[in-house]
Amino acid sequence: MREFRITGSETQKSIVLCGDGALDGATGDFVFTDGNVLRLYKDWIADTFSGRPVYAMPAGEEYKTPQTLFALLERMAGAGLTRKSTLVCLGGGVVGDIGGLASALYMRGIGCVQIPTTLLAQVDSSVGGKTAVDFCGVKNLVGAFKQPDRVLADARFLKTLPPRELRCGLGEIVKHAALDGKLFDTLAANASRLTELGFLAELVPENIAIKAEVVQKDAKESGLRQCLNLGHTTGHAFELTDGALSHGEYVLIGIALEAELAKGRTKCDVGYLEELQSLAMRALGGMPALPSAARAAELARLDKKNHTSAAVVVTAPVSKGEYALLEIPFADYCAELAAIQEKLC
Ligand code: NAD
Ligand code: GLY
């Protein structure tokens, strides 16, 4: 078992346990999950959290809403949780983000244990304390930073994931690889194994280490943590446009498109960017047809990372292990995105 510690202020510290035995100390007062996870792990939940109330939201990003958040808070209040209580979030990134936010809001903050059950949640979303719901058509518009007390990541959950959900996790793994040369080399050397469960499960600790190191240095995203948005500005924009694919798949698309944006405007290693693009496309299983770039660009204009509506901020890969923050005038972003889409899709 591996252990990572994210230390900050007293209220912002977190322990991440990963591997066999991580679940040994799983405890909590209320279990929040979704319908799929409840169906698959009903017996394990009953054995592990015997007698604790369980609330399962309907599965899916479309339910990552204030309504679901308040439905959960209502049940937490109904169960009589106190300031000393701990909420367990058992599920993927949607459950983790909503449950994390509920734990930040209920009585101004109670305990939170994240038990991530998707690859994406294990390598990324359960670690680092970003919590949110989508609102007014903008992803993660309403949220809070709230470090979970514990993250317990066990590969046993990954065995029931549909192959497509593995690809979603791969989106964030390729993002980490764009920030970390060693992980990039591992993926490049194993490009034919990108959808193999055993290979992906082995990558979980390394990905947690990459993310934990960034969060340890900049928990509230005042600087360095912006690197974790790589691929996300454009990815989120397309995700909001049609939502036909999953978050991780849009991240892969975002990485491929933003690598192309970088080529024209920063000192970059074009050969490396092309390798990264082909890794992202391989992980995607080919570039899908995408909806209108103009609509996506309009949505990217609303991204909360932008400083003004006149320019879109993109965290773009530039060379192995390096990224750059690009502030692209909106008209240029719009025109280039359309041209890139024409070229890659
Ligand atoms: P998800 O939570 O919707 O899970 C995907 C699907 O897998 C769901 O249908 C779920 O029911 C099912 N599932 C979960 N565990 C399973 C298991 N073990 N076996 C079988 N099925 C299982 O989506 P996700 O991809 O895990 O997370 C995406 C969300 O994470 C997005 O909302 C995104 O914004 C968020 N996110 C947050 C952060 C962060 O730092 N907080 C980082 C990345 C992504
Ligand atoms: N997933 C981006 C972050 O945690 O900062």
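Ligands are counted one by one from 1 in listed order, and the atoms in each one are counted from 1 as well. Numbering starts at 1 and runs along the sequence shown.
The structure places CG of L273 at 12.5 Å from NZ of K320, a figure rounded to the nearest 0.5 Å. To the nearest 0.5 Å, atoms CZ (R225) and CG (D218) are separated by 7.5 Å. Taking OG1 from T234 and CG from L337, the interatomic distance works out to 6.0 Å, rounded to the nearest 0.5 Å. I173 contributes atom CD1, which lies 13.0 Å from atom CZ of R167 (distance to the nearest 0.5 angstrom). Atoms OG and NZ, from S222 and K217 in turn, are 13.5 Å apart once rounded to the nearest 0.5 Å. Atom-to-atom distance recorded for D34:CG and C89:SG is 11.5 Å, nearest 0.5 angstrom.
Counting heavy atoms under 4.0 Å from ligand 1, residue K130 touches it through both backbone and side chain. At a 4.0 Å heavy-atom cut-off, ligand 1 touches N140 through the side chain alone. At a heavy-atom cutoff of 4.0 Å, ligand 1 is contacted by the side chain of L40 but not by its backbone.
Ring to ring, F30 and F49 are not that close: their centroids are 6.0 angstrom or more apart.
The single protein non-hydrogen atom nearest to atom 5 (O) of ligand 2 is R225 NE, 2.7 Å, given as residue, atom name and distance. Nearest non-hydrogen protein atom to atom 1 (N) of ligand 2 is D124 OD1, 3.4 Å. With respect to atom 31 (C) of ligand 1, the closest heavy atom belonging to the protein is E61 OE1, 3.1 Å. Among protein heavy atoms, the minimum distance from atom 38 (C) of ligand 1 is reached at S125 CB, 3.2 Å. The protein atom (non-hydrogen) at minimum distance from atom 5 (C) of ligand 1 is E165 OE1, 3.3 Å. Of all protein heavy atoms, the one closest to atom 9 (O) of ligand 1 is N36 ND2, 3.1 Å. Annotation: atom 24 (P) of ligand 1 to nearest protein heavy atom, G93 N, 3.5 Å. Ranking protein heavy atoms by distance to atom 35 (C) of ligand 1, first place goes to D97 OD2, 3.4 Å. Among protein heavy atoms, the minimum distance from atom 20 (C) of ligand 1 is reached at T160 O, 3.2 Å. Looking only at protein heavy atoms, the nearest one to atom 1 (P) of ligand 1 is V94 CG2, 3.9 Å.
Ligand-side atoms of ligand 1 in range of D34: 10 (C), 11 (O), range being under 4.0 angstrom from any heavy atom. Taking every non-hydrogen atom of A59 and a distance limit under 4.0 Å, the qualifying atoms of ligand 1 come out as 9 (O), 11 (O). If you number the atoms of ligand 1 from 1 as listed, the ones under 4.0 Å from a heavy atom of D124 come out as 42 (C), 43 (C). Listed by number with element, the atoms of ligand 2 under 4.0 Å from a non-hydrogen atom of K175 are 1 (N). Ligand-side atoms of ligand 1 in range of T117: 14 (C), 15 (N), 16 (C), 17 (C), 18 (N), range being under 4.0 angstrom from any heavy atom. Of all the atoms in ligand 2, the ones that sit under 4.0 Å from a non-hydrogen atom of K211 are 1 (N), 3 (C), 4 (O). Close contacts of ligand 2 with K130, meaning ligand atoms under 4.0 Å from a residue heavy atom, involve 2 (C), 3 (C), 4 (O), 5 (O). The K139 neighbourhood of ligand 1 comprises atoms 31 (C), 32 (O), 33 (C), 34 (O), with distances under 4.0 Å to a heavy atom of that residue. Near V37, the atoms of ligand 1 lying under 4.0 angstrom from a non-hydrogen atom of the residue are 14 (C), 15 (N). Close contacts between ligand 1 and K64 involve ligand atoms 31 (C), 32 (O), 33 (C), 34 (O), 35 (C) [criterion: under 4.0 Å to a heavy atom].
In terms of N/O distances under 3.5 Å, ligand 1 is not approached by R225. Below 3.5 Å of separation, one finds an N or O of F157 facing an N or O of ligand 1. In terms of polar-atom proximity, defined here as any N/O pair under 3.5 Å, T131 makes no such contact with ligand 1. For a threshold of 3.5 Å applied to N or O pairs, the pair formed by E172 and ligand 1 contains no separation below that value.
Between N140 and D97 there is a side-chain heavy-atom pair separated by less than 4.5 Å. Between F330 and T308, the closest side-chain pair of non-hydrogen atoms is not below 4.5 Å. The closest side-chain heavy-atom distance from D269 to E322 is not below 4.5 Å.
A side-chain donor-acceptor contact under 3.5 Å links R282 to the backbone of A191. Side chain of D332 to backbone of I328: no donor-acceptor contact under 3.5 angstrom is found.
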>> Please determine whether side-chain hydrogen bond (donor to acceptor under 3.5 Å, both in side chains) holds for the pair K13 and Q216, giving the CA-CA distance in whole Å, both sets of side-chain angles, and the decisive distance to 0.1 Å.
In response: CA-CA 9 Å; K13 67 181 181 192; Q216 168 68 20; over 6 Å; no
> Going through the distances and angles, do H176 and E206 end up as a side-chain hydrogen bond (donor to acceptor under 3.5 Å, both in side chains)?
Replying inline: CA-CA 10 Å; H176 287 155; E206 194 173 345; over 6 Å; no
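Ionic pairing of R301 and E298 is present here: one or more N-O contacts between side-chain nitrogen and carboxylate oxygen are shorter than 4.0 angstrom.
Under a 4.0 angstrom heavy-atom cut-off, K211 registers as being in contact with ligand 1.
Between Y55 and F32, the ring-plane angle classifies as parallel under the 30° and 60° cut-offs.
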